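Written below as structure tokens is the structure these notes are about.
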Amino acid sequence: MPERNVMSYNILIGGYIQNGELGAAIEVFKEMGRRNSATWNAVITGLIKSEFNGEALRLFTKMHGNGFLPDAYTLGSVLRGCAGLRDLIKGTQVHGYAIRSGLEMDLVVGSSTAHMYMRCGILSEGQRVIQSMPVHNVVACNTLIAGLVQNGCATGALDQYYIMKIAGFQPDKITFVSVISSCSELSTLGQGQQIHAEVIKAGAMSVAAVISSLISMYSRCGCLDDAVRVFGERGRAEDDLVLFSSMIAAYGFHGKGEEAIELFNRMERDRLEANEVTFLSLLYSCSHCGLKDKGLEFFDMMVKKYGIEPHVKHCTCVVDLLGRAGCLDEAEAFIRSMPVEPDAITWKTLLSACKIHKNTDMAKRIVEEILKIDPQDSASYVLLSNTQACAERWQDVSDVRRKMRERMVKKEPGISWFELRNQVHHFIMGDKSHPNSEDIDSYLQELMAELKSLGYAPDIGAVLHDMDVEEKGIQLDTPQ
DNA sequence: GTAGGGTTAG
């Protein structure tokens with residue numbers, strides 16, 4: 001087979017992959033007597049684009065074994081595969097290969113390396129790789145911004161967004177999705193509105209992912225009306241399904257279960273086929289709106305009518321549904337017979353229901369399950385201690401606290417914040433550092449008096465014992 | 001002919 005023919009086969013493979021016909025591409029690949037690096041790269045990339053990451057990595061090993069040296073194309077794809085599998089060990093090996101072959105600083109290889117580290121939760125290494133690159137482009141900036149927000153550093157992501165603009169890069173749809181998510185994480189409505197305006201100016205309002213993140217941002221910032229407006233003004237987005245899923249969740253977040261269900265019914269009428277995320281939004285809405293039976297009905301419908309295999313997240317929603325409704329035994333039985341392995345969040349969902357319904361015996365048992373999965377989970381110890389406090393079992397409360405000290409488990413103090421006229425004001429429990437602290441406190445007392453006059457009874461049992469050693473320390477250390 | 005970043009739920 002002459003080299004000229006290899007090239008025409010490669011064109012054929014490329015075309016199949018572009019059309020999503022991976023099977024046909026692999027058929028051609030198998031038939032080829034001679035291949036070059038581009039042949040291997042095309043198939044490896046095709047596999048990774050369809051999320052066959054493990055298969056792609058095996059083919060990469062085979063490529064290497066056949067004497068073909070990986071180039072920047074290969075490494076970029078393979079690193080993306082490692083990121084998809086969250087395989088830090090393989091990812092680090094590929095990074096090592098990139099360094100030895102002098103491709104580490106290549107724009108694509110560098111971004112892919114950083115993305116791999118950040119997907120595996122190693123934010124600092126990802127930041128280091130991006131910052132050591134001599135040249136940047138919009139993709140390198142996006143990699144860093146997305147990595148920051150996905151690793152819980154939304155403030156850092158927004159800082160990086162302003163740095164990127166100062167450096168002269170034009171944000172694109174992917175930048176917008178990441179920074180809008182950052183705003184919803186931080187509930188900084190003003191900043192979110194400003195970015196919304198930038199999205200309009202940049203002409204990115206037809207991108208479903210962007211609209212979706214705007215709906216979610218407005219909803220989480222407390223502006224359901226704006227979320228509804230963005231949803232209503234959506235043009236002919238190519239991917240309507242994501243928008244419906246976001247909007248259902250937004251209604252659920254605001255306690256509007258009826259509206260969430262109505263939207264789902266509208267999807268069925270319009271023959272827009274719900275997917276696993278739609279059902280997640282729907283189950284979430286039912287559990288947050290006290291619609292237990294409806295929720296169970298939807299779970300059943302998802303499996304039987306739509307043929308969607310339940311994911312652990314769906315099951316956790318069902319646990320929440322049962323738990324909030326007070327069906328604790330049913331919830332525990334559900335977890336123990338679920339089709340997928342429960343994770344720490346599943347158990348924590350039940351634990352929080354134990355606190356609401358003051359079931360201390362079950363709480364003890366559930367905490368043991370959580371600590372099997374995550375022994376350093378401070379929130380579970382605190383939740384257990386609060387459950388005991390609600391039931392006025394003070395001896396058990398101090399036992400839990402003692403265990404935490406013995407196991408060196410530290411609880412991060414809670415923090416809350418809000419944005420006012422482009423300024424973020426934040427408060428730690430017992431914090432007196434805010435310049436208007438006294439005024440705020442006296443207004444809070446007024447509000448509390450008004451609440452009580454309207455019949456509100458605070459849950460003192462839990463509140464008094466919510467303050468633990470670390471939080472007290474911070475309260476005392478805070479400058480006046 | 002082959003390369004990198006994002007989405008909704010929790």
Side-chain angles (χ1 to χ4, degrees), chain A residues 6-18 25 28 35-46 48-49 70-81 83 103 106-116 118-119 126 130 133 137-147 149-150 171-181 184 204 207-217 219 237 239-250 252-253 275-285 287-288 311-317 319-320 343-346 348-349:
Chain A
V6 177
M7 221 164 98
S8 49
Y9 275 112
N10 284 353
I11 296 171
L12 195 58
I13 290 181
Y16 280 135
I17 287 172
Q18 203 97 57
V28 177
R35 301 163 182 148
N36 60 17
S37 289
T39 324
W40 289 90
N41 288 345
V43 178
I44 290 173
T45 305
I48 285 166
K49 279 188 175 151
D71 56 14
Y73 286 92
T74 331
L75 296 181
S77 286
V78 169
L79 284 161
R80 183 173 157 189
L103 292 166
D106 175 272
L107 260 177
V108 175
V109 175
S111 299
S112 314
T113 306
H115 175 236
M116 181 277 297
M118 295 190 287
R119 262 294 153 99
I130 296 279
M133 286 161 61
N137 63 1
V138 68
V139 179
C141 298
N142 287 346
T143 307
L144 182 54
I145 292 173
V149 58
Q150 284 161 6
D172 66 5
K173 56 182 181 173
I174 292 174
T175 327
F176 289 134
V177 167
S178 295
V179 290
I180 296 166
S181 308
S184 59
V207 182
V210 174
I211 307 171
S212 225
S213 45
L214 281 170
I215 293 171
S216 176
M217 185 273 291
S219 158
D239 199 2
D240 248 8
L241 186 59
V242 236
L243 306 183
F244 275 84
S245 303
S246 302
M247 199 58 231
I248 289 172
F253 187 83
N275 70 0
E276 63 284 355
V277 181
T278 320
F279 278 103
L280 206 51
S281 302
L282 202 51
L283 292 170
Y284 166 86
S285 298
S287 81
H288 284 254
H311 185 271
V312 64
K313 287 166 182 174
H314 296 114
C315 296
T316 301
C317 276
V319 172
D320 197 41
D343 59 14
I345 300 170
T346 316
K348 276 194 224 175
T349 302

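Because the structure is a prediction, the values reported are computed rather than measured. Quick note on labels: first sequence line is chain A, next is B, and so on, each numbered from 1.
- dG6(B) atom C1' lies 9 Å from atom NZ of K173(A), rounded to whole Å.
- Residue V242(A) has its side chain nearest to dT8(B) when only dT8(B), dT2(B), dG6(B) are considered.
- Straight-line distance from the CG atom of D240(A) to the C1' atom of dT7(B): 14 Å, rounded to whole Å.
- Listed pair R119(A) / dG6(B) meets the phosphate criterion, a side-chain N or O lying under 4.0 Å from OP1 or OP2.
- Between E276(A) atom CD and dT7(B) atom C1' the separation is 13 Å, expressed in whole Å.
- Looking at heavy atoms from C-beta onward, S245(A) lies in side-chain contact with S281(A) at the 4.5 angstrom threshold.
- Comparing atom distances between the L280(A) side chain and each of dA3(B), dA9(B), dT8(B) picks out dA9(B) as nearest.
- Between T39(A) and N36(A) the shortest side-chain heavy-atom distance falls below 4.5 Å.
- Between the S285(A) side chain and the I248(A) main chain, a donor and an acceptor come within less than 3.5 Å of each other.
- Here dG1(B) presents its C1' atom at 9 Å from OH of Y73(A), a figure rounded to the nearest Å.
- Among the heavy atoms of the strands lying under 4.0 Å from I11(A) are primed sugar atoms or P, OP1, OP2 only; no base atom is included.
- In this structure, T278(A) reaches neither bases nor backbone, as no heavy-atom distance under 4.0 Å exists between it and the strands shown.
- A donor-acceptor contact under 3.5 Å is formed by the side chain of N36(A) with the base of dG1(B).
- Among residues two or more places apart in sequence or in another chain, the side chain to side chain donor-acceptor pair (under 3.5 Å) test is passed with T175(A) by N142(A), D172(A).
- Take K348(A) and apply the side chain to side chain donor-acceptor pair (under 3.5 Å) test, not counting sequence neighbours, and it matches D377(A).
- Looking at heavy-atom distances under 4.0 Å, K49(A) makes contact with sugar-phosphate atoms alone, never a base.
- For the pair N10(A) CG and dT2(B) P, the interatomic distance rounds to 9 Å; values are reported in whole Å.
- Put simply, the side chain of H314(A) never gets that close to the backbone of F279(A): no donor and acceptor are under 3.5 Å apart.
- For the OP1/OP2 pair of dG6(B) and a distance below 4.0 Å, the side-chain nitrogens and oxygens of T143(A) include no atom meeting the criterion.
- Side-chain atoms of T45(A) lie closest to dT2(B) of the nucleotides dT7(B), dG1(B), dT2(B).
- Residue S111(A) is classed as a base contact, given a heavy-atom separation below 4.0 Å to a base.
- Between the CD1 atom of I44(A) and the C1' atom of dG4(B) there is a distance of 15 Å, rounded to whole Å.
- Distances shown here put every side-chain N or O of S213(A) at or beyond 4.0 Å from the OP1 or OP2 atom of dG6(B).
- Here S281(A) lies in heavy-atom contact (under 4.0 Å) with sugar-phosphate atoms only.
- Remark: P of dT7(B) and CG of D172(A) are 13 Å apart, rounded to the nearest angstrom.
- The nearest whole Å value for the distance from the CG atom in L214(A) to the C1' atom in dG6(B) is 13 Å.
- OP1 or OP2 of dG6(B) sits under 4.0 Å from a side-chain N or O of Q150(A).
- The side chain of S178(A) approaches dG6(B) more closely than any other nucleotide in the set dA3(B), dT2(B), dG6(B).
- Across all strands shown, L107(A) has heavy atoms under 4.0 Å from base atoms, whether or not it also approaches the sugar-phosphate.
- Heavy atoms of N275(A) sit nowhere under 4.0 angstrom from any nucleic acid atom.
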